Amino acid sequence: MAKIGGFFREYLKKQPLFKNKKALQASYTPDEIPHREEQMNHVAAVLAPALRLDKPSNLFLYGKTGTGKTLVVKHVVAQMLEIAEEKKLPLSIVYLNCKMKRVADTEYRLIVQLAREFGKEIPATGLPTDEVYKLFLNHLDNKERLIILVLDEIDQLVRKAGDEFLYNLTRINTELKNVEISLLGISNDLMFLDNIDPRVKSSLSEEELVFPPYNALQIQDILRCRSEEGFFENIVAGGVIEKCAAYAAREHGDARRALELLRVSGELAERKNKQIVEIDDIDEAEDKIEKDKVFDVVTTQPKQSQIALLSIFDITEKNTNHQPIFTGDVYEVYKETCMKVKLKPLTQRRVSDIIAELDMLGIINAKVISKGRYGRTRDITLAIPPSAVPNIRVNLKEALNL
DNA sequence: CGAGATTCATGTGAAGTATACCTTTAGGCTTAA
DNA sequence: AAGCCTAAAGGTATACTTCACATGAATCTCGTA
């Protein structure tokens, strides 16, 4: 016990590295957003009519991850809400991330979630979808107001639930007297607009704006800005920021990644009782981030997917001579594992879909190939660093009581 | 030897089923006049 | 008689299963050079 107490005392004596760790987190909205003035102005210009209570055009933003889309929108929105508050305007801006599992990944759940934002509870199941719409709209229509609906990662939702809900949303305006709704869609997928119903497309993207990736220099600027806020002075060694930026620029200019890299490097350095963050910490951080990310995705997966994944791990491990792994093999092992856990195995049909989902999540690569005379299947390989596997495996086994 | 037919193991789409949960409705019970 | 509670009826979304058909290159077949 005394030892632990001593540890805490030591801990408190140490110079902290972080001044404000929040500033280094992706969710943080800084006052300054470097290299995004143009986009910010554009967004502001499009949304501005809302402050006169005119319906702004629907706006559609796209760009790769970590190009500041969400950040710009949140910033603009925050400013607008402030003004609206000041002038007591009946303006509501709702931000919804469609990627969140079990929250907004079907049309039904999206509407339920929206209704909840406006203080109307709707059961999570059991009602017809149009009934849910009616409930939601009635709840809104009792008051005159203007709504800007921000749908982040909208491509995810459309992929799962189709584009019908977009059509319904754009149509709301014609059905309500007191309420006007503008949509602001955010997508990571540049090809997204090509694959949706043209009717929806034209109304959804009255205005479009592309966020180009940052280049290495711009990322450096961003990092410097944030590290000034986040770290105390002289903590970050020379070259560290440059290297973080270089890593991130290599991956299509993802600033979020760069920031995370810097923050985790700092955390690692702190844990090692170092007074400065050095270049070596970055490599370690990169490794850790990758592992954490996978870990997160894996542990939030439903049981059946976990079993499927565990089966794939098991096969990969035994499979020393790099034989390709096929759906059939996975299914066999999967069935065995299910027996062990005393869970009813799903059909191969379903497991096939689960494998496809795991592929989408980026945990595995599953390419459909044809083996000619010997049929066709998915060629499955792991898409995560092998060093991360043992850890995850152990965790999966624990989660499944194996 | 090569063009076309065949074949396999699974992909893929559609339709059906089970489950969990919702609202409505009707009946039965309680309560208060 | 009115009010309240409960259970049944009727309905939906979602996750999964069942059924049926699609795929596509390796292999086979067979006619031809």
Side-chain angles (χ1 to χ4, degrees), chain A residues 96 98-139 156-169 195-197 297-312 315-316 319 323-339 341-381 383 399-400:
Chain A
L96 208 59
C98 305
K99 201 180 179 179
M100 282 154 80
K101 279 254 160 188
R102 307 261 157 194
V103 173
D105 60 353
T106 69
E107 177 173 15
Y108 186 97
R109 295 212 254 251
L110 173 78
I111 303 300
V112 168
Q113 190 59 31
L114 278 178
R116 186 165 300 158
E117 294 285 333
F118 287 98
K120 169 86 179 171
E121 287 296 324
I122 295 181
T125 167
L127 298 185
T129 306
D130 42 344
E131 184 70 20
V132 176
Y133 267 103
K134 224 188 293 170
L135 279 172
F136 175 53
L137 297 182
N138 283 342
H139 181 71
Q156 301 279 333
L157 181 52
V158 169
R159 181 147 36 193
K160 275 202 76 167
D163 52 16
E164 205 150 310
F165 77 95
L166 283 173
Y167 182 65
N168 289 333
L169 282 178
N195 302 325
I196 61 176
D197 191 322
V297 176
V298 168
T299 46
T300 54
Q301 236 21 34
K303 266 208 169 58
Q304 297 287 3
S305 306
Q306 294 189 350
I307 296 176
L309 184 60
L310 188 60
S311 308
I312 295 173
I315 295 174
T316 318
N319 181 14
Q323 297 252 327
I325 302 171
F326 301 129
T327 309
D329 312 338
V330 175
Y331 188 63
E332 286 309 311
V333 178
Y334 161 83
K335 264 198 297 193
E336 277 172 38
T337 319
C338 275
M339 297 318 260
V341 193
K342 300 212 168 56
L343 259 168
K344 198 173 143 233
L346 301 178
T347 12
Q348 180 151 349
R349 175 70 185 80
R350 178 63 186 140
V351 173
S352 174
D353 281 350
I354 287 179
I355 292 177
E357 280 164 28
L358 289 173
D359 179 45
M360 282 257 304
L361 287 167
I363 305 173
I364 60 175
N365 289 319
K367 211 173 105 208
V368 179
I369 56 163
S370 174
K371 292 186 292 165
R373 173 82 174 65
Y374 302 104
R376 80 210 221 97
T377 181
R378 286 195 167 89
D379 181 359
I380 302 165
T381 46
L400 298 167

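The sequence lines fix the lettering, A, B, ..., with proteins before strands; numbering per chain opens at 1. Just so we're clear, the structure is a prediction, and the values are computed from it rather than from any experiment.
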**Q** Who passes side-chain hydrogen bond (donor to acceptor under 3.5 Å, both in side chains) against Arg373(A), sequence neighbours left out?
**A** none
**Q** When you check the phosphate oxygens OP1 and OP2 of dT12(C), does a side-chain N or O of Thr129(A) lie under 4.0 Å from one of them?
**A** no
**Q** Would you please name every residue forming a side chain to side chain contact (heavy atoms under 4.5 Å, CB included) with Thr316(A), sequence neighbours left out?
**A** Ile312(A), Ile325(A), Leu382(A)
**Q** Heavy atom of residues 326-337 of chain A under 4.0 Å from DNA chain B: which residues?
**A** Thr327(A), Gly328(A)
**Q** Write down the distance between CD (Glu107(A)) and P (dT14(C)), rounded to a whole number of angstrom.
**A** 9 Å
**Q** For DNA chain C, what residues of residues 370-377 of chain A have any heavy atom nearer than 4.0 Å?
**A** Ser370(A), Lys371(A), Gly372(A), Arg373(A), Tyr374(A), Gly375(A), Arg376(A)
**Q** What pairs with Glu131(A) under salt bridge (Lys or Arg N to Asp or Glu O under 4.0 Å), at least two apart in sequence or on another chain?
**A** Lys134(A)
**Q** Can you sort out the partners of Phe326(A) under ring pair (Phe, Tyr, Trp, His ring centres under 6.0 Å), two or more places apart, ordered by chain and number?
**A** none
**Q** Please list all pairs passing the salt bridge (Lys or Arg N to Asp or Glu O under 4.0 Å) test where one or both residues lie in residues 118-127 of chain A, with sequence neighbours left out.
**A** Arg116(A)-Glu121(A)
**Q** Would you mind telling me which of Thr381(A), Leu309(A), Val330(A) makes a side chain to side chain contact (heavy atoms under 4.5 Å, CB included) with Ile364(A)?
**A** Leu309(A)
**Q** Measure from the side-chain heavy atoms of Ser352(A) and tell me the nearest of dT12(B), dT17(C), dT12(C).
**A** dT12(B)
**Q** Determine, for nucleotides 18-25 of chain B in 5'-to-3' order, which nucleotides have protein heavy atoms under 4.0 Å from the base (write B), from only the sugar-phosphate (write S), or from neither (write -).
**A** ---BSS--
**Q** Run the side chain to side chain contact (heavy atoms under 4.5 Å, CB included) test against Arg376(A) and tell me which residues pass, sequence neighbours left out.
**A** Val368(A), Ser370(A)
**Q** Arg378(A) side chain N/O closer than 4.0 Å to the phosphate oxygens (OP1, OP2) of dT12(B)?
**A** yes
**Q** Whole Å only: how far is the CG atom of Leu110(A) from the P atom of dT14(C)?
**A** 11 Å
**Q** Among residues at least two apart in sequence or on other chains, which ones pass side chain to side chain contact (heavy atoms under 4.5 Å, CB included) with Gln156(A)?
**A** Lys99(A), Glu153(A), Arg159(A)
**Q** Considering residues at least two apart in sequence or located in another chain, which fulfil the salt bridge (Lys or Arg N to Asp or Glu O under 4.0 Å) criterion with Asp353(A)?
**A** Arg349(A)
**Q** If the condition is side chain to side chain contact (heavy atoms under 4.5 Å, CB included), which residues does Gln323(A) pass it with, not counting sequence neighbours?
**A** Asn319(A), Asn321(A)
